[in-house]
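So you know, we letter chains A, B, ... as the sequences are listed, proteins then strands, and number each from 1.
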There are 2 protein chains.
Amino acid sequence: MLRGAGLRVTRQRQAIAEVLLRSGDHPDAEAVLDRARRLDPSVSQATTYRTLATLAERGYLRAHRFNSGPARFEAEPAAHHDHLIDVDTGEVVEFLSAEIEELQRRVAERYGYEIVDHHLVLFGRRIASG
Amino acid sequence: MLRGAGLRVTRQRQAIAEVLLRSGDHPDAEAVLDRARRLDPSVSQATTYRTLATLAERGYLRAHRFNSGPARFEAEPAAHHDHLIDVDTGEVVEFLSAEIEELQRRVAERYGYEIVDHHLVLFGRRIASG
DNA sequence: GTGAATGCAAAAACTTTGCATATAC
DNA sequence: GTATATGCAAAGTTTTTGCATTCAC
């Protein structure tokens, strides 16, 4: 991932990349820093922000701004997906709808655009079942 | 709008509301403040942020975090719409797709959720047309 | 060896808050 | 008259940056 991004492989970046690749959730910069420090205590806040910014720029990471508060990150998944957020618990559900993706393409096309990227976030509340 | 939100109608809030209702674009808090001050120079930054937050909370305003940088606001439109952003110019195109809306509902339902809100932003590049 | 990366601490960018005063109702 | 809103300035939160030092290549 670091080599792919054309970056020098430092201990600190390895720790940060490791955290991102292993995290099943969507940590913010502070959480990434905390976790990275467990792997390498020398990681600093500055390096964390710099590495997150660079990897996001190079397309190896996705930055989300779900709500107010700090940006949250995840390694760019092999398969693209969008997010559904439980407004009561904050839980994040990942989903993919090929139909929505296709419709997005068509909408953009109608306006003379090709899609470079997109963010789709649904905010939902659990339906009382039964 | 202010009365609807159950707020006292002050000169400052009138200026801010006026700005939002008149703006065709998506100004950030600083731009709202600048514009509101042209209508009433006594408007302060604190009141701007407070009013934006309250109106957004009460559903009269929409706050967007398209990219990094400050949140951007628009009066809640009569008809809901989503946004397509030209990555080269920053231009914001508003669109609505009933099909996408419907599919979102279905996706959420599949996971046991009902949609409370959603954010869909497409980032696109103009297609060189013949 | 050299350019890139680092930590530190300061600064910048954005937003919220405490408090005394003013104002809508 | 009273609860709400205001401006101001300070503080809070999140992110970026300058610079001397260290390190990957």
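- Of the two residues contacting DNA chain C, namely B/Glu30 and B/Val9, the nearest-nucleotide position lying further toward the 5' end is that of B/Glu30.
- Residue B/Leu52 contributes atom CG, which lies 15 Å from atom P of D/dA5 at whole-angstrom precision.
- Spacing between atom CZ of A/Arg37 and atom C1' of C/dC8 amounts to 11 Å, rounded to whole angstrom units.
- Among residues at least two apart or in separate chains, salt bridge (Lys or Arg N to Asp or Glu O under 4.0 Å) pairs with a member in residues 72-84 of chain A are A/Arg62-A/Glu76.
- Other members of the cluster containing B/Phe123 are A/Val116, B/Phe66, B/Ile85, B/Val87, B/Val92, B/Val121, with ILVMFWY side chains joined at under 4.5 Å, either directly or via other members.
- Put simply, CG on B/Leu2 is 16 Å from P on D/dT4, counting in whole angstrom units.
- Residue B/Ile127 belongs to no hydrophobic cluster, having no ILVMFWY side-chain heavy atom closer than 4.5 Å to its own.
- In this view, A/Arg58 and A/Ala5, A/Leu7, A/Thr54, A/Tyr60 satisfy the side chain to side chain contact (heavy atoms under 4.5 Å, CB included) rule, not counting sequence neighbours.
- Note on B/Thr10: a side-chain N or O is less than 4.0 Å away from OP1 or OP2 of D/dT6.
- Atom CG in A/Leu33 sits about 15 Å away from atom P in D/dT16, given to the nearest Å.
- Closest to the side chain of A/Arg3, out of D/dC25, C/dT6, C/dA5, is D/dC25.
- We find that CG of A/Leu7 is positioned 9 Å from P of C/dT6, with the value rounded to whole Å.
- In this structure, A/Glu30 and A/Pro70 have side chains that are not in contact, with every pair of non-hydrogen atoms separated by 4.5 Å or more.
- Counting to the nearest Å, the C1' atom of C/dT23 and the CZ atom of B/Arg8 are 8 Å from each other.
- With sequence neighbours excluded, no residue forms a salt bridge (charged side-chain N to carboxylate O under 4.0 Å, His left out) with B/Glu99.
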Could you list all N or O pairs between the protein and nucleotides 15-17 of chain C that sit under 3.5 Å apart?
unit_1 : atom_1 : unit_2  : atom_2 : d
C/dT15 : OP1    : B/Ala71 : N      : 3.2
C/dT15 : OP2    : B/Tyr49 : OH     : 3.0

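- Remark: A/Gln12, A/Arg13 in residues 12-20 of chain A come within less than 4.0 Å of DNA chain C through at least one heavy atom.
- Counting to the nearest Å, the C1' atom of D/dT14 and the CG atom of A/Asn67 are 13 Å from each other.
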Which atom pairs, donor and acceptor, lie under 3.5 Å between side-chain atoms of residues 107-115 of chain B and protein residues at least two apart or in another chain?
unit_1   : atom_1 : unit_2   : atom_2 : d
B/Glu109 : OE1    : B/Arg105 : NH1    : 3.3
B/Tyr113 : OH     : A/Asp86  : OD2    : 3.0
B/Tyr113 : OH     : A/Arg126 : NH1    : 3.2

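- Inter-residue side-chain proximity for A/Met1 and A/Leu21 is flagged as met; some heavy-atom pair is nearer than 4.5 Å.
- Residue pairs meeting the salt bridge (Lys or Arg N to Asp or Glu O under 4.0 Å) criterion with at least one member in residues 4-17 of chain B, sequence neighbours excluded: B/Arg11-B/Asp40.
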